[in-house]
Amino acid sequence: MANNRVMVAGVEVSLDHWIGGRRVASVNRFANASPIDGSDLGAVAAGGQAEADMAVAAARAAFPAWAALGAAGRLPILRRFASGIMTRAAEIAAVETADNGSLLAGNLHRMVPRAAQNISFFAEWALGLNDHAIDHPEVVNNVRYDPSGVAVLITPWNAPFMLTTWKVGPALAAGNTVVIKPPEWAPLSCSLLADIAHAAGLPPGVLNVVQGIGEEAGDALVNHPDLARISFTGSTDTAKIIGQAAARSITPMSAELGGKSPFIVCADADLDAAAQTVAGQYINAGQVCLAGTRIMVEASIEAAFLEKVRDAVDQMTVGDPRDPATRVGPLIHPDHFARVAGFVERAKAGGAQLLWGGERAVAGALYFQPTMFAGADRDDEINQKEVFGPVLTWQTFVDDAEAIAIANGTEYGLAGTLFCGDEGRAMRIAEQVVAGTLWVNCFFVRDLAAPFGGSRMSGIGREGGTHSFDFYCNIKNIAVRKGSFAAKGV
Ligand code: ADP
């Protein structure tokens, strides 16, 4: 058995794959550094075709018994899995922060507890899946949510532990087995997830982790012929590539992708709450797909609101994500830093007005100042493309029609935020904004029972509550003629 283990933030983490209930090494390995200070976190196994084949085979072998357990049989195991996550919450949070630079307090108090809920919530929900019958004059339709097989789950680096469990929870609860391909820029917390699954008693092969580079390990997995589902969260460009693989085998795919979400502030809104929430868009250095990155303000309150936002942003400390006072940590990787800085330089060169920020925050490190541009045209790159950094744009509107036109004027449709004092107006605007989720007078509230996903270039499909099972299950209708058994019986 492979045993490439390192200590990260005081926690022992395996750098190998987890396949069929054991650690598996690879000859090839890839480097992984902490975005906090560039320190080496150990060379991680880089999987390819062989590891993908091995993992899918292990997941296929484990599938019949896991499916046969039924939701009630899986529930106690998945409950132990969820509580195992909470038992190790501090360790998971510390490893995640070291690996991707996200805020330690946020990981500990929000992301890891949420990850545990992702497992337990869907395990409980699955108990009621097959309760559903639809009456018809001739037949009773017995609607069944059957397990579908092996699901490949591909996750991004900005919140890997939470986002992986958001897929693992419903996939396992549905009776599927899974192969996870963690992000190569933040691969470590998924390794802990495998340890926790094992300790909770998940049978070998039910949950597998293949580490590696997207174009190698990820590519081999999504092109495997034996998949039942592919669930992907990441960039729109990668989704187009994975979608081609899914199309070849007609494998259902869900995709949660990028966004350039509008943040609309009406004149009669609670401006203090709105300003605090605008500042909150910089959290995790803006590396949040749901972030409202286009701030749109009703023109009549522009000056007053700008001062409130400026005050709120001034309070935001940029620095080490392990410090509880920090609100804006580092960008994940030097390549990503260069990408973000490139957007900022092009916006400056294009004549956009820099309201604040625009520079590296700490010499020689991956911290970028919270940045706001005004005066860019609606069609300029900075108002159209996802930066995935602490970079927002500022625009004004004079009436609802203009607000809606600006809001809908990108290729994306992931989310939106609206602060408004009038319920009727709020609902009229909200109903017309193209988005998978539209928050009114709040932000980032995500109910696990509610549908979640993106429209347009922001994704395919919805997950959450029953929508997750609509995706992960083979839904079947057993239509039984009324009286047909009774007639024989008497
Ligand atoms: P981001 O821009 O957020 O890094 P990516 O879409 O590049 O998003 O990466 C998200 C996930 O997709 C990562 O786990 C990455 O390894 C994986 N990935 C990247 N390219 C491919 C590919 N061609 N096939 C399968 N997975 C991929």
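Model, not experiment: these values are computed from the prediction. Just so you know, ligand 1 is whichever comes first in the structure, and atom 1 is the first atom listed for that ligand.
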Is at least one protein non-hydrogen atom found at under 4.0 angstrom from atom 12 (O) of ligand 1? yes
For atom 14 (O) of ligand 1, what is the closest protein heavy atom, and at what distance to 0.1 Å? Thr155 O, 2.8 Å
Would you mind checking which non-hydrogen protein atom is closest to atom 15 (C) of ligand 1, with the distance to 0.1 Å? Glu184 OE1, 3.4 Å
Under the rule for side-chain contact (heavy atoms from CB on, under 4.5 Å), what residues qualify as partners of Val27, not counting sequence neighbours? none
Atom 7 (O) of ligand 1 [closest protein heavy-atom partner, distance rounded to 0.1 Å]: Thr238 OG1, 3.5 Å
Closest to atom 22 (C) of ligand 1 by heavy-atom distance, out of Pro160, Gly214, Gly218, is Gly214
Tell me, with the steps shown, if Leu192 and Arg88 meet side chain to side chain contact (heavy atoms under 4.5 Å, CB included). CA-CA 9 Å; Leu192 294 181; Arg88 299 194 63 186; 3.9 Å; yes
Side chain to side chain contact (heavy atoms under 4.5 Å, CB included) between Gln117 and Arg114, intermediate numbers included: CA-CA 5 Å; Gln117 281 170 20; Arg114 179 60 169 220; 3.8 Å; yes
Return the closest protein heavy atom for atom 3 (O) of ligand 1 as residue, atom name and distance. Trp157 NE1, 3.6 Å
Nearest heavy atoms of Gly205 and Asn208, plus distance in Å: O-ND2, 2.8 Å
Mark up the atoms of ligand 1 that fall under 4.0 Å of a heavy atom belonging to Pro183, in ascending order. 14 (O)
So Phe121 and Trp125, would you call those rings parallel, tilted or perpendicular, with 30° and 60° as cut-offs? tilted
Is Thr233 close to ligand 1, meaning an N/O of one under 3.5 Å from an N/O of the other? no
Return yes when Phe232 approaches ligand 1 closer than 4.0 angstrom through a heavy atom, no otherwise. yes
